[in-house]
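Some notes on the structure that comes next.
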Amino acid sequence: MKQILFGLVLLVWAGLGLSACSPTTTATSAETIRIRWARDPDNLDPLLVDNPSAFEVTNLLHCSLLKGNEAQNRFVPWLAEAQPTTRPLGDSLLLVTYRLRPQATWDNGSPVLARDVAFTLKVMNCPGLPIERDQATFGFIRNIQLDAHDPRQFTLVCAGQSGDRVSISGDFSILPEYVLDPRGTLRTVPLPQLALPRFQSVAQAFARRYQALNLARHPERLPGCGAYTLTAWQPGRYLTLRRKARWWADSLPAPPPELQAFPPQLTYQVIPDATTATMALRRGEIDLYALMPAAEFARLQHASPDQTSLRFYTTNSYEFLTANFNVRRPALRDALTRQALTYLFDIPALIRATQQGAASPSAGPISPRIARYYNDSLPLPSFSPARAAALLRQARWQRQPDGSWQRQGAQATTERLQLTISYRAGEPSFETVALQFRSAALALGIPVQLHPTEQSLLSRQLRAGEYDMNIRQLAGNPFSYDFTSLLHSRGIGNGNTTGFSTPQTDRLIEAIPLATSPAEKARLLRKFQRALAYERPFSVLYFMRYRVAASRRLGVVPVMGLVPGYEASRIRLEKKPTTR
Amino acid sequence: MKAPTVWRHVGRNLVTAWLVLSGLFLLTRGLTDATSYLQTALEADSRIQAAERSQLTRQLLHRAGLDLPLFYISFEPTQGWQWEGTANQYHAWAANLLQGRLGTSYRSSAPVSGLLLEALRYTLPLTVLAAVLSAMVSVGLATTLNGRYPAGRRALLYLLHALQAAPLFLLATGLLLLFANPDVLAWFPAFGLGLEEESATWWQAPGRLLYHLALPVGSLVLMSAPALTIQLDAALQHELRQPYVATARAKGAAPSQVVWRHALRNALLPTITLLTELLPNLVAGAVVVEVLFALPGMGRLLAEAAATQDYPVLLGGVTLVVLARVVAQLLADALYLRTDPRIRLQA
């Protein structure tokens with residue numbers, strides 16, 4: 001026994017000694033930027049990507065025609081040479097014409113052509129492949145017409161004529177035909193006819209070849225026309241991307257931000273736990289930690305050693321926390337009651353308690369940072385139990401001798417104002433909001449029960465309308481203002497969990513995406529926000545800020561209000577002062 | 001022990017395992033929302049319109065086979081009990097399982113068996129090392145305290161009880177904040193198994209692995225060794241009061257000899273149960289440690305599968321753990337027979 005123990009101790013000692021003596025960094029480390037991920041991409045098949053890590057990698061490996069630009073609040077040309085031109089066809093179709101950048105090439109040196117775009121659309125429509133998501137997102141692209149004279153020009157025939165559809169029509173990764181279909185078997189098949197029986201054998205053969213590549217786990221088998229190639233991926237541990245030595249966009253005289261790629265190597269380290277990630281950042285094992293929890297961020301900002309080794313950034317995001325009202329409940333069916341309950345959220349105190357003061361209150365679901373569309377003439381919600389009581393009286397609620405509230409409902413029934421508030425279990429900020437609301441409501445004589453619920457159960461309850469109030473987080477973006485799934489009558493049973501709809505808001509929701517000018521869109525959006533501020537199907541509590549902490553060996557990190565919170569390809573390494 | 005008895009014993013364990021897995025399958029599928037694993041991704045995608053979303057949900061459920069009835073029979077309040085035939089989710093799952101197929105992950109579209117094997121590559125070095133060290137530490141401590149240094153026994157038992165009471169996340173976070181913290185001691189890495197570009201030669205690799213696993217293994221040893229030591233110590237105390245020990249002492253055996261040669265074998269019986277209980281834990285991994293130290297092992301895989309409603313992975317992992325438990329029980333029985341030949345198994 002003793003000998004075994006001694007042997008083991010010797011082994012550990014020798015191992016540690018040898019590890020310590022051997023070099024722990026190599027030449028590539030100095031030019032590698034290490035970024036923390038909370039979660040692995042799981043699946044990198046371009047047809048199946050569905051989490052933020054996977055989208056981030058896909059956007060570094062591949063290019064789309066257009067890319068969302070936060071500074072300009074719109075989609076801007078990426079692989080396309082310029083914004084597409086549009087032309088209505090009849091009263092339901094839209095022709096969207098693109099031209100690809102002449103410099104764009106694949107890794108084998110061949111140019112990226114319109115036929116690659118046509119091929120990509122065929123992949124996204126190929127029976128036998130997992131195309132359900134692409135069909136739901138891009139199914140409105142009915143056909144593609146290649147220009148007979150210009151191999152880089154093509155026209156997409158789209159169903160629907162809204163501006164959002166134009167943006168979405170350029171938002172898919174263009175795949176290389178020479179890799180996936182070197183013999184061009186799909187080239188002769190027209191896009192709308194791909195699902196017809198006479199092309200079944202061609203489509204099936206292609207689907208088999210595509211699935212044999214197992215791109216979900218081997219994305220390196222599909223080199224894109226983006227600036228990076230995937231060099232290593234250990235699922236659950238790390239993923240490394242290497243910048244191409246010669247990338248086509250390097251030949252552009254002044255590449256736009258979308259076509260800039262500075263880091264020679266990017267390594268994403270999967271570290272699920274926030275404490276461990278913070279420790280790794282402080283030890284220099286990672287260089288960038290985005291979407292940091294508020295408490296950790298504030299602590300690091302005030303710790304003196306970290307002030308000298310790290311830089312801290314915050315930026316307003318488009319994610320917001322809401323308190324939703326189930327308008328199908330008799331007690332919550334009238335707008336005045338919902339307005340009254342909104343006055344019981346002490347939003348400044350909640351922002352201090354859950355976000356260390358770093359969040360922005362808002363009058364509605366449009367972020368205050370989008371000044372053009374935000375309705376700044378609406379008052380911010382305030383905490384006022386007295387105002388809440390007055391509004392409840394206006395809604396015909398009567399205070400009872402025991403302090404509770406009652407009113408006469410339909411068919412001479414008595415309604416009591418008592419609520420349950422459900423939220424995802426294990427989420428501290430949701431719980432804080434619910435507790436604060438319960439305390440304020442109870443002081444006003446409204447009993448509130450908290451229902452922290454497991455995610456899948458909660459999801460089912462929300463869609464079935466089995467709740468009174470609910471705390472949840474929603475995410476918007478500065479490019480699209482389509483509220484159909486969230487607030488339109490067509491979204492009830494799907495994304496519209498509050499069950500809210502009025503003819504006026506339905507009309508506005510339909511009109512907003514069709515607005516032809518920014519001024520018209522702003523007018524409609526402001527009107528929509530005013531309607532929501534009165535109807536209150538949900539109360540926006542605050543818009544969150546994204547927090548990013550980064551090592552000082554990186555230059556100024558370009559942060560953004562969209563997930564992941566930074567633009568990896570535009571991070572520069574800090575130039576070291578030359579020493580003599 | 002006769003062969004039919006062994007087979008009856010194994011058979012009974014396997015039937016129990018099958019019932020446990022079937023129960024878990026029916027509960028996870030029956031009580032939760034089949035579409036919940038899709039909702040997060042679908043709700044985050046503002047490009048998908050409301051009308052397309054419900055159709056997409058139906059198509060994705062069909063692809064995953066979740067649009068079939070759950071079981072052979074179903075109950076509808078309006079129609080009563082109904083026979084659903086063999087085209088049901090349970091039948092498909094059971095038929096696949098009997099052929100050794102655990103299904104495909106919803107998240108990664110990869111075969112579950114491959115994901116489990118990949119996770120075991122990280123979990124087994126961690127848990128086996130921790131189990132071996134725990135066993136060695138507990139046997140070493142218990143025998144030393146009862147043999148050579150009885151004076152320190154009480155103080156050490158207090159310490160062990162205190163450690164046993166501490167939850168694993170506290171121990172692991174404590175080790176992280178003590179030994180991977182630039183403000184205290186930065187002796188060990190904060191996470192993972194090293195950087196990918198650090199190419200290690202074959203003789204460096206074990207050392208590097210031990211260096212990176214030091215804190216995770218340390219946490220697990222601190223969690224499991226106290227219970228084993230306390231149990232073994234109590235058993236040794238019991239044995240040391242037996243007449244055969246007095247005889248050994250009367251014959252002039254040294255205290256450590258009495259413990260090692262005479263008392264330990266008898267005292268090991270209850271500890272064998274505890275040690276074999278470790279086997280399913282070896283396979284199941286240690287969620288807390290794997291999440292904290294960013295090791296992509298079984299514990300983390302199962303926890304993430306549960307959180308994201310990736311039920312094929314969850315059920316596959318539980319199948320493996322249940323099988324490990326059956327093997328552990330058989331192993332415990334075999335070790336009992338070997339340690340004390342007087343014990344007989346009854347069918």
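The figures that follow rest on heavy atoms only: side chains count, while hydrogens, waters and symmetry mates do not. Sequence lines set the chain letters: A, B, ... in the order given, protein chains first and strands last, and positions in each chain run from 1. Bear in mind the structure is a predicted one, so any value in this text is a computation, not a measurement.
- Side-chain atoms of A/D506 come within 3.5 Å of backbone N or O of A/S489 as a donor-acceptor pair.
- Proximity to chain B (any heavy atom under 4.5 Å) is shown, for A/A475, by neither the backbone nor the side chain.
- Residues B/N181 and B/L185 are not in side-chain contact: their nearest non-hydrogen atoms beyond the backbone lie 4.5 Å or more apart.
- Interface remark: B/A180 contributes backbone and side-chain atoms alike to the contact with chain A (heavy atom separation under 4.5 Å).
- Chain A forms the most heavy-atom pairs under 4.5 Å with one residue out of B/A119, B/G297, B/S105, B/A294, and that residue is B/A294.
- Judged by distance alone, with hydrogens and angles left aside, the side-chain atoms of B/S108 form no donor-acceptor pair with the main-chain N or O of A/D42 at under 3.5 Å.
- Residue A/N51: no heavy atom, backbone or side chain, is found under 4.5 Å from chain B.
- Interface residue A/Q234: only side-chain heavy atoms are found under 4.5 Å from chain B.
- Between chain A and the options B/L295, B/D183, B/T143, heavy-atom pairs under 4.5 Å are most frequent for B/D183.
- For A/Q135, no part lies under 4.5 angstrom from a heavy atom of chain B.
- With a threshold of 4.5 angstrom between heavy atoms, B/R107 approaches chain A through its backbone and through its side chain.
- In this structure, the portions of B/Q59 lying under 4.5 Å from any heavy atom of chain A include both its backbone and its side chain.
- Heavy-atom pairs under 4.5 Å with chain B peak, among A/A277, A/P130, A/A274, at A/P130.
- Residue contact with chain A, scored on non-hydrogen atoms closer than 4.5 Å, involves the side chain of B/R121 exclusively.
- With A/S459 contributing its side chain and A/Q455 its backbone, the two residues share no donor-acceptor pair below 3.5 Å.
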Check the pair A/T322 / A/N324 against side-chain hydrogen bond (donor to acceptor under 3.5 Å, both in side chains), numbers first and verdict last. CA-CA 6 Å; A/T322 62; A/N324 298 318; 3.3 Å; yes
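- In terms of heavy-atom pairs under 4.5 angstrom with chain B, the leader among A/I168, A/N496, A/L457, A/T231 is A/I168.
- Contact check for A/M279 versus B/P182: side-chain heavy atoms found under the 4.5 Å cut-off.
- Only the side chain of A/N477 comes within contact range of chain B, with heavy atoms under 4.5 Å apart.
- Within the 3.5 Å criterion, the main-chain N or O of B/G299 finds a donor-acceptor partner in the side chain of B/E290.
- Within the 4.5 angstrom heavy-atom criterion, only side-chain atoms of B/L115, from C-beta onward, approach chain A.
- Heavy-atom distances place no part of A/P52 under 4.5 Å from chain B, backbone and side chain included.
- Top candidate by heavy-atom pairs under 4.5 Å with chain B, chosen from A/R490, A/Q461, A/R217, is A/R217.
- When only modelled atom types and interatomic distance are considered, A/E510 and A/H488 share a side-chain donor-acceptor pair under 3.5 Å.
- The environment of B/H62 atom NE2 is sparse: at most 12 non-hydrogen atoms of other residues, nucleotides or ligands sit within 6.0 angstrom.
- Between A/W37 and A/Y268, the angle of the ring planes stays under 30°, which puts this pair in the parallel group of the 30/60° scheme.
- For A/R424, no part lies under 4.5 angstrom from a heavy atom of chain B.
- The parts of A/P235 that come within reach of chain B are both its backbone and its side chain, each placing non-hydrogen atoms under 4.5 angstrom from that chain.
- In this structure, chain A has a heavy atom under 4.5 Å from the side chain of B/E118, while its backbone stays farther away.
- Using modelled atom types, no side-chain atom of A/T497 and backbone atom of A/R463 make a donor-acceptor pair closer than 3.5 Å.
- Within the 4.5 angstrom heavy-atom criterion, only side-chain atoms of A/L48, from C-beta onward, approach chain B.
- Side-chain contact between A/F479 and A/L562 is present, with heavy atoms from C-beta onward closer than 4.5 Å.
- Remark: the backbone N or O of A/I271 is not paired with any side-chain donor or acceptor of A/R39 at under 3.5 angstrom.
- With a 4.5 angstrom heavy-atom cutoff, A/R133 touches chain B via backbone and side-chain atoms both.
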